[in-house]
Number of protein chains: 2
Amino acid sequence: MHEVPFPQSGPKRKLLDVAEELFAEKGFEAVSVRDITQAAKANVAAINYHFGSRDGLIAMVVVRHLVPVCEERLARLDAVEKRWAGKTPPLEEIIEAMLRPLLGQLRKSDLSERLFYKLIGRIFAQAGEGMPSSVEGLLAKTNDRFKKAFGKVLPTLSGEDLAWRIHFVSGGMIHMLSNYDSVQKLPAGSSAASAMEVTLGRLIRFSAAGMGEGMAVAAELVESPQAFFDF
Amino acid sequence: MHEVPFPQSGPKRKLLDVAEELFAEKGFEAVSVRDITQAAKANVAAINYHFGSRDGLIAMVVVRHLVPVCEERLARLDAVEKRWAGKTPPLEEIIEAMLRPLLGQLRKSDLSERLFYKLIGRIFAQAGEGMPSSVEGLLAKTNDRFKKAFGKVLPTLSGEDLAWRIHFVSGGMIHMLSNYDSVQKLPAGSSAASAMEVTLGRLIRFSAAGMGEGMAVAAELVESPQAFFDF
DNA sequence: GTCTATAACTAGATAGAC
DNA sequence: GTCTATCTAGTTATAGAC
């Protein structure tokens, strides 16, 4: 890496941060450059100077979050596969590698938990529309790696089945994040962990069951081989 | 019913139809009053005359589809419960009662299949934001009925678990509809049925497995009691 | 009911002073 | 780099002729 792609300080970074906050709250289309520059106490020309256009700013906001999430997804999947070297990992672990980065990047953001999740939800709800080709490539690569990983655990599923089931998992995650405000209303229980953490656990278990539908026996077999053949 | 809530013909209906088409393709926020009136060959003032405002038009578009979907959901759930009177119905049937109306209302629409699904995806992705209170009531009632129906089949799940799992099912459906264009790319197989029909089947099975997670034994038992105990 | 014309406002982008 | 002022084009909504 011979260049830092995102500004770490200065007025450009300030604009990026403020824009994220507004986009998270109201959605990309509902925020004008004037809203942003006003909130950032910059002049109206600042966005065009620093990002070329409003769309350039949005692209940078999206990429700034999309790229680290994809990278963490790939890294986590690598770690899972390494740990189970040779053996087939449980579905839950692959799904967690896929979903947890959407939460895990929170600590690297200055946004509040609430706004971060709303923003991530919006980003992934429209991911794939008008992305720079470099990012499209990373998205495609990530998707492909996970499809192969799931395919190894669920060898009898067709490519279409795999793709659709992954799509359904994504849908659950995006819907959960986009409706973050209702995450608070639907209490997670009396756990000390954050509500989102508990909800992620729910989604992982739900998704693992869905991914493995029709192959409960084989899935059980991986975790406790004796359970099925011992009679 | 002593009044027909939606115009069946005339210029008002024409505006509604044209607006739907544009909203489906580009999203609500990306379509202006001028775009609509131009496409409908009406004058710019027509929307304000007939619907009071642009928001009034959007609300009517949303309600026109949300209400029949909710009603069909409730009717289908009634039918399922009647047919299994006393006994617990399979999860798949309740889920189908919940999801199929999003597809089933297609025949009552003049939109192409593609645009209809995109529109429904958009409507449900933002359902709950700024709805008229009458519609909010219908949404809440529908949700409540389904939560109770699922609760009967899955009596050991907490209310929070139920609510979240239903939320995840909705997410899968909305994501599938919102990305209709990719439904075509991910081929459904060589079946004669429409791609969407096959995909809905996939989602129902996926969701049934997810809903029943942790209670696979009880669920299997309902459908084929001998399968588990016969050894 | 339908239309034109226009009001009143907001959008993103830019030229040019400092 | 940062600012103000302004341009052009878009927006919704409305007043008033027909």
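Owing to the predicted nature of the structure, the values given are computational and were not obtained by experimental measurement.
- Rounded to whole Å, the distance from CG on B:N43 to C1' on C:dT6 is 14 Å.
- Figure legend: A:K12 and A:F51 shown as a cation-pi pair, the cationic atom lying under 6.0 angstrom from the six-membered ring centre and within 45 degrees of its axis.
- Salt-bridge formation is not detected for the pair A:D78/A:R73: no Lys NZ or Arg NE/NH1/NH2 atom is positioned less than 4.0 Å from an Asp or Glu carboxylate oxygen.
- If you take CZ of A:F51 and C1' of C:dT14, they are 18 Å apart, rounded to a whole angstrom.
- The distance from atom OH of A:Y49 to atom P of C:dA13 is 17 Å, rounded to the nearest whole Å.
- Out of C:dA15, C:dT4, C:dG12, the shortest distance to the side chain of A:V33 is found at C:dG12.
- When each of D:dT14, C:dG12, D:dT11 is scored by its nearest atom to the side-chain atoms of B:D35, the top-ranked nucleotide is D:dT11.
- In this entry the distance linking CD of A:Q38 with P of C:dT10 reads 11 Å, nearest Å.
- The nearest whole Å value for the distance from the CD atom in B:E29 to the C1' atom in D:dT11 is 14 Å.
- Aromatic ring orientation, A:F150 versus A:F146: tilted (interplanar angle from 30° to 60°).
- Checked against D:dA15, C:dA13, C:dG12, the side chain of A:S32 finds its nearest nucleotide in C:dG12.
- Nearer the 5' end of DNA chain C, as judged by each residue's closest nucleotide, is the contact made by B:P11, out of B:P11 and A:A46.
- Ring centers of B:H167 and A:H175: under 6.0 Å apart, within the cut-off.
- Applying the 4.0 Å criterion to OP1 and OP2 of C:dT2, one finds that B:H50 has a side-chain N or O inside that range.
- Heavy atoms only, all atoms of each residue included: A:R13 and A:Q8 are closest at NH1-O, 3.4 Å.
- Rounded to an integer number of Å, the gap from A:R34 CZ to D:dA9 C1' is 13 Å.
- In this entry the distance linking CZ of B:R54 with C1' of D:dT14 reads 18 Å, nearest Å.
- Here the side chain of A:V44 is nearest to one of C:dT2, D:dA5, D:dT11, namely D:dA5.
- Atom pair B:N48:CG and C:dT2:C1' shows a separation of 14 Å (rounding to whole Å applied).
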